[in-house]
Amino acid sequence: MCKGLAALPATCLKSAKDMKYRLGFFLQRSESCDYSSSQGKKEKISSSQRVSQEEVRKWADSLENLIHNDRGLAAFHAFLKSEYSEENIEFWVSCEDYKKTKSPAKLSPKARKIYDEFISVQATKQVNLDSCTWEKTSHNMLEPTLSCFDEAQRKIFTLMQKDSYRRFLKSPYYLDLVGPPSTGCGSENSKRSHTRTLDCNSNVISQCA
């Protein structure tokens, strides 16, 4: 011990040690409170992002229900991305946004951007359109209107409805949300039950199409 501290009375040294202990205790308590508060915020955020079972089951009723729901649209986009076909839903979303354009001056540049990205021969995310629809849409670019992509959008919607949408309903992107997690044989039986239900829904969609 240094000479300065040795010269102090024993009571002073004891008080200094007590203060150090209390200060350390309060610092630990403060850090613990901050951590708990942070965890609480994370849990609230996670909870707010959960999707209700009723909401998820509606996605199996129709592709419209799925892609007109923000969470459903995000799940479907993630699925299509895993299949390297996300350009279809991105084109559909771009068309929906385009039809909301209020300024006539913005129609032409927005239409050209969509055309260059999804339809032109050099398009980076070219969608699969038949030659007739492609030619008609290309002709519409001469004088773009709010409805110039309508036919192309319908074609892509039908393509997704008959193809990727059905696979989505049988994929983990949907099945992991459609029912509460469980363990053991019950989990396997539940998954099979969901698959059978989704197959029936797909058959109904096929008959209505």
Side-chain angles (χ1 to χ4, degrees), residues 41-42 44-52 54-169 171-174 176-178 201-202 205-206 208-209:
K41 289 179 181 178
K42 288 181 181 179
K44 287 180 181 179
I45 293 173
S46 177
S47 176
S48 66
Q49 292 175 344
R50 291 174 185 170
V51 190
S52 71
E54 181 181 359
E55 188 178 9
V56 173
R57 291 190 181 100
K58 287 180 180 178
W59 299 350
D61 293 338
S62 68
L63 178 57
E64 289 92 341
N65 286 352
L66 174 65
I67 60 180
H68 281 98
N69 178 282
D70 290 341
R71 294 183 179 89
L73 179 62
F76 190 50
H77 181 269
F79 168 74
L80 291 181
K81 193 170 184 178
S82 73
E83 292 197 336
Y84 303 99
S85 60
E86 69 271 21
E87 69 276 0
N88 290 326
I89 193 61
E90 289 177 7
F91 172 66
W92 184 89
V93 170
S94 295
C95 290
E96 287 294 289
D97 178 67
Y98 175 77
K99 287 186 289 187
K100 297 175 184 177
T101 305
K102 296 181 179 180
S103 172
K106 293 182 179 180
L107 283 179
S108 184
K110 289 184 71 172
R112 177 53 59 180
K113 182 179 179 181
I114 293 174
Y115 182 82
D116 289 343
E117 186 174 7
F118 298 103
I119 298 176
S120 75
V121 178
Q122 295 84 18
T124 55
K125 298 180 180 180
Q126 189 179 48
V127 293
N128 187 15
L129 295 174
D130 60 90
S131 59
C132 183
T133 304
W134 186 88
E135 289 177 4
K136 183 176 180 179
T137 306
S138 297
H139 179 74
N140 289 343
M141 290 299 98
L142 297 175
E143 293 183 12
T145 64
L146 287 176
S147 60
C148 66
F149 293 111
D150 283 1
E151 186 171 344
Q153 187 184 21
R154 282 195 296 270
K155 294 285 185 179
I156 295 304
F157 178 88
T158 301
L159 178 65
M160 292 190 294
Q161 184 180 47
K162 292 181 177 180
D163 185 28
S164 51
Y165 171 60
R166 296 178 180 180
R167 292 198 303 277
F168 168 78
L169 294 178
S171 74
Y173 289 87
Y174 179 75
D176 287 351
L177 295 172
V178 78
N201 286 334
S202 296
I205 294 170
S206 177
C208 294

A.B. asks: Side chains of F149 and M141: closer than 4.5 Å at any heavy-atom pair?
C.D. replies: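 Heavy-atom side-chain distance check passes, below 4.5 Å.
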A.B. asks: Determine whether W134 and V127 satisfy the following criterion, side-chain contact (heavy atoms from CB on, under 4.5 Å), listing intermediate values before the conclusion.
C.D. replies: CA-CA 10 Å; W134 186 88; V127 293; over 6 Å; no
A.B. asks: Roughly how far, to the nearest 0.5 Å, is OG1 of T158 from CD of Q153?
C.D. replies: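 Result: 10.5 Å between the selected atoms.
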A.B. asks: For a side-chain contact (heavy atoms from CB on, under 4.5 Å) check, start with the C-alpha distance between N88 and N128, then their side-chain angles and the critical distance, and finish with the verdict.
C.D. replies: CA-CA 8 Å; N88 290 326; N128 187 15; 5.6 Å; no
A.B. asks: How long is the gap from OG on S138 to CG on L129, to the nearest 0.5 Å?
C.D. replies: 9.0 Å
A.B. asks: Could you note down all residue pairs passing salt bridge (charged side-chain N to carboxylate O under 4.0 Å, His left out) where residues 119-145 supplies at least one of them, sequence neighbours left out?
C.D. replies: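 Found E90-K125, E117-K125, D130-K155, K136-E151.
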A.B. asks: Between S108 and P144, which heavy-atom pair has the shortest distance, and what is it?
C.D. replies: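 For S108 and P144, the tightest heavy-atom pair comes out as CA-CG, 4.0 Å.
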A.B. asks: With sequence neighbours left out, write down each residue that passes side chain to side chain contact (heavy atoms under 4.5 Å, CB included) with I89, or none if nothing qualifies.
C.D. replies: I67, L73, F76, H77, L80, W92, V93, M160
A.B. asks: Sort and list the pairs that fulfil salt bridge (charged side-chain N to carboxylate O under 4.0 Å, His left out) and have at least one residue in residues 91-102, not counting sequence neighbours.
C.D. replies: E96-K99, D97-K110
A.B. asks: Can any side-chain N or O of E86 pair as donor or acceptor with the backbone N or O of A78 at less than 3.5 Å?
C.D. replies: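 Not at all, since once roles are kept as given, no pair shorter than 3.5 Å links the two residues.
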A.B. asks: Say whether, by atom type as modelled, one donor and one acceptor occur between the side chain of S62 and the main chain of N65 under 3.5 angstrom.
C.D. replies: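 Yes, the answer is positive, given that a donor and an acceptor are paired below the 3.5 Å cut-off.
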A.B. asks: So, for Y173 and A75, which heavy atoms are closest and what is the spacing to 0.1 Å?
C.D. replies: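 Taking Y173 first and A75 second, the nearest heavy atoms are CD2-O, 4.1 Å.
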A.B. asks: Apply the test side-chain contact (heavy atoms from CB on, under 4.5 Å) to residues T101 and L146: give CA-CA distance (whole Å), side-chain angles for both, the deciding distance (0.1 Å), then the verdict.
C.D. replies: CA-CA 8 Å; T101 305; L146 287 176; 4.2 Å; yes
A.B. asks: Taking only residues two or more places apart in sequence or in another chain, which ones pass ring pair (Phe, Tyr, Trp, His ring centres under 6.0 Å) with Y115?
C.D. replies: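 Partners of Y115 by the ring pair (Phe, Tyr, Trp, His ring centres under 6.0 Å) criterion come out as none, since no residue qualifies.
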A.B. asks: Report the residues that fulfil side chain to side chain contact (heavy atoms under 4.5 Å, CB included) with D163, sequence neighbours left out, ordered by chain and then residue number.
C.D. replies: R167
A.B. asks: Nearest 0.5 Å please: distance from the CD atom of E87 over to the CD atom of Q126.
C.D. replies: 9.5 Å
A.B. asks: What are the two closest non-hydrogen atoms of A105 and P109, and how far apart are they?
C.D. replies: O-CD, 3.4 Å
A.B. asks: Please list, chain by chain and in numerical order, all residues satisfying ring pair (Phe, Tyr, Trp, His ring centres under 6.0 Å) with F91, sequence neighbours excluded.
C.D. replies: F118
A.B. asks: Do L169 and F79 come within less than 4.5 Å of each other through their side chains, counting heavy atoms only?
C.D. replies: no
A.B. asks: I need the Y174 OH to L66 CG distance, nearest 0.5 Å.
C.D. replies: 9.0 Å
A.B. asks: Of all heavy-atom pairs between A152 and T137, which one has the smallest distance, and what is that distance?
C.D. replies: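 Closest pair (atom of A152, atom of T137, distance): CB-OG1, 3.7 Å.
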A.B. asks: Quick one: pull up CG in D176 and OG in S171 and give me the separation to the nearest 0.5 Å.
C.D. replies: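 Answer for the CG-OG pair, D176 versus S171, is 8.5 Å.
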A.B. asks: Rounded to the nearest 0.5 Å, how far does CG of D150 lie from OG1 of T145?
C.D. replies: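 The distance works out to 7.5 Å.
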